[in-house]
Amino acid sequence: MKNIVVLTGAGISAESGLATFRASNGLWNNYSIYEVATPEAWNNNKQLVLDFYNFRRKELQKVKPNSAHLSLAELQNHFHVEIITQNVDNLHEQAGSKNVLHLHGLLTQAKGEFSHTPIMDIEYQDIKLGDLTPSGEQMRPHVVWFGEDVPLIEDAHEKCQKADILIIIGTSLQVYPAAGLIHAVPPSCQIFLIDPHADEIDVPHHIKLFKEKASDKVPKLIQQLLNSKQ
Ligand code: APR
């Protein structure tokens with residue numbers, strides 16, 4: 001059975017209503033990375049960082065998976081599919097996908113600010129100053145900030161090394177080490193990239209580009225893969 005790896009970014013959740021990062025109305029146009037998404041930001045102004053992620057967590061509570069998330073969940077019923085996401089939303093899980101690898105963490109989880117443990121499920125609750133872990137550390141979002149290690153990158157790399165097909169959906173491929181995963185697949189791996197701005201993304205020429213929205217193209221591509229299996 002073919003091994004399929006899917007690498008997703010903020011674009012797959014755009015049609016569900018969640019902001020991407022680098023579009024004209026993206027998060028990084030309205031917030032400074034250096035004020036809300038770095039360890040220095042946390043040391044400078046914990047409340048501002050908590051407010052940023054509490055806002056995003058509340059936005060997540062209002063939205064639902066779209067047909068792209070749902071068709072990937074269906075694909076997992078027929079192929080061995082590993083989903084690697086840069087997203088901290090839980091829309092893949094809400095759509096029914098299993099074993100989703102969150103490279104950059106999850107909005108619905110929190111951890112201690114120093115030990116990065118324990119990882120606690122908080123659903124959509126705010127994290128407030130004074131919310132402490134059992135060992136007495138201030139709780140922070142379980143999100144990988146710029147400048148921090150990406151603990152699951154080796155796992156992601158190993159999954160890509162076994163891929164027969166790699167489907168890249170809704171990422172500008174501007175953030176490493178996630179973006180480097182496209183080079184971790186075997187030379188024989190078929191690579192598809194789905195993004196309305198696919199032609200503006202700097203990728204090797206052998207990658208098949210679909211300049212389309214995720215909710216349009218992902219279900220069609222999944223159906224083609226399912227048909228090819230019959
Ligand atoms: N369908 C598919 N792709 C879309 C759609 C859509 N409906 N709408 C937008 N896109 C594409 C954009 O064209 C863009 O290429 O999604 C991509 C989103 O790119 P970014 O905003 O850079 O988001 P992403 O690539 O996920 O960012 C990676 O950067 O800020 C960090 O940790 C953060 O995980 C994030 C990482």
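Every number for a ligand or one of its atoms is a count from 1 in the order of the listing. Counting begins at 1 with the first residue of the sequence.
Using cut-offs of 30° and 60° for the angle between ring planes, the W42 and W145 rings count as tilted. Taking the six-membered ring for Trp and thresholds of 30 and 60 degrees, H69 and H92 have ring planes more than 60 degrees apart, a perpendicular arrangement.
Atoms of ligand 1 lying under 4.0 Å from at least one heavy atom of K213, given by number and element, are 1 (N), 7 (N). Near F146, meaning under 4.0 Å from one of its heavy atoms, ligand 1 places the atoms 30 (O), 31 (C). Residue W28 has at least one heavy-atom neighbour below 4.0 Å for each of these atoms of ligand 1: 30 (O). Near T20, the atoms of ligand 1 lying under 4.0 angstrom from a non-hydrogen atom of the residue are 21 (O). In the vicinity of G9, heavy-atom distances shorter than 4.0 Å reach the ligand 1 atoms 26 (O). Interface of A14 with ligand 1, defined as ligand atoms under 4.0 Å from a residue heavy atom, comprises 8 (N).
Residue contacts with ligand 1: I194 is placed with no nitrogen or oxygen under 3.5 Å of a nitrogen or oxygen of the ligand (distance criterion only). Note: an N/O pair closer than 3.5 Å links S172 and ligand 1 by distance alone. For ligand 1, the polar-atom distance check against F21 finds a nitrogen or oxygen pair separated by under 3.5 Å. Some N or O of A214 is nearer than 3.5 Å to an N or O of ligand 1, by distance alone.
N29 and A23 make their closest contact through OD1-O, 3.1 Å (heavy atoms, listed as atom of the first residue, atom of the second, distance).
Of all protein heavy atoms, the one closest to atom 36 (C) of ligand 1 is V175 CG2, 3.8 Å. Atom 14 (C) of ligand 1 has its closest protein heavy atom at D195 OD2, 3.4 Å. Among all protein heavy atoms, the one lying closest to atom 18 (C) of ligand 1 is G170 O, 3.7 Å. For atom 32 (O) of ligand 1, the nearest non-hydrogen atom of the protein is H104 ND1, 3.3 Å. At the shortest separation from atom 25 (O) of ligand 1 among protein heavy atoms lies T171 OG1, 2.7 Å.
For the pair K58 and Y124, the NZ or CZ position fails the cation-pi test of under 6.0 Å to the six-membered ring centre and within 45 degrees of the ring normal.
Side-chain polar atoms of E74 and N77 form a donor-acceptor pair below 3.5 angstrom. Judged by distance alone, the side chains of N44 and E40 never bring a donor and an acceptor atom under 3.5 Å apart.
Distances from atom 31 (C) of ligand 1 to the heavy atoms of R22, Q174, Q86, E15 put R22 nearest. Distances from atom 5 (C) of ligand 1 to the heavy atoms of A10, G11, A19 put G11 nearest.
Residue contact annotation: P196 has a non-hydrogen atom under 4.0 Å from ligand 1.
The local environment of OH in Y34 is sparse, with at most 12 non-hydrogen atoms from other residues, nucleotides or ligands closer than 6.0 Å.
A continuous path of ILVMFWY side-chain contacts below 4.5 Å connects I127 to L60, so both sit in one hydrophobic cluster.
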For a quick test of your reading: what N or O donor-acceptor pairs under 3.5 Å do the side chains of residues 102-111 make, sequence neighbours left out?
unit_1	atom_1	unit_2	atom_2	d
H102	ND1	N87	O	2.8
H102	ND1	G105	O	3.4
H102	NE2	E93	OE1	3.4
H102	NE2	E93	OE2	2.6
H104	ND1	Q86	O	3.1
Q109	NE2	D121	OD1	3.1
K111	NZ	H116	ND1	3.0

Side-chain donor-acceptor pairs of residues 201-217 under 3.5 Å, sequence neighbours excluded:
unit_1	atom_1	unit_2	atom_2	d
K211	NZ	P196	O	3.1
K211	NZ	D199	OD1	3.1
S215	OG	E15	OE1	2.2

Note to self: One pair to check against salt bridge (charged side-chain N to carboxylate O under 4.0 Å, His left out): R56 and E59. What are the steps and the verdict?
What the structure shows: CA-CA 5 Å; R56 292 180 65 194; E59 289 300 293; over 6 Å; no

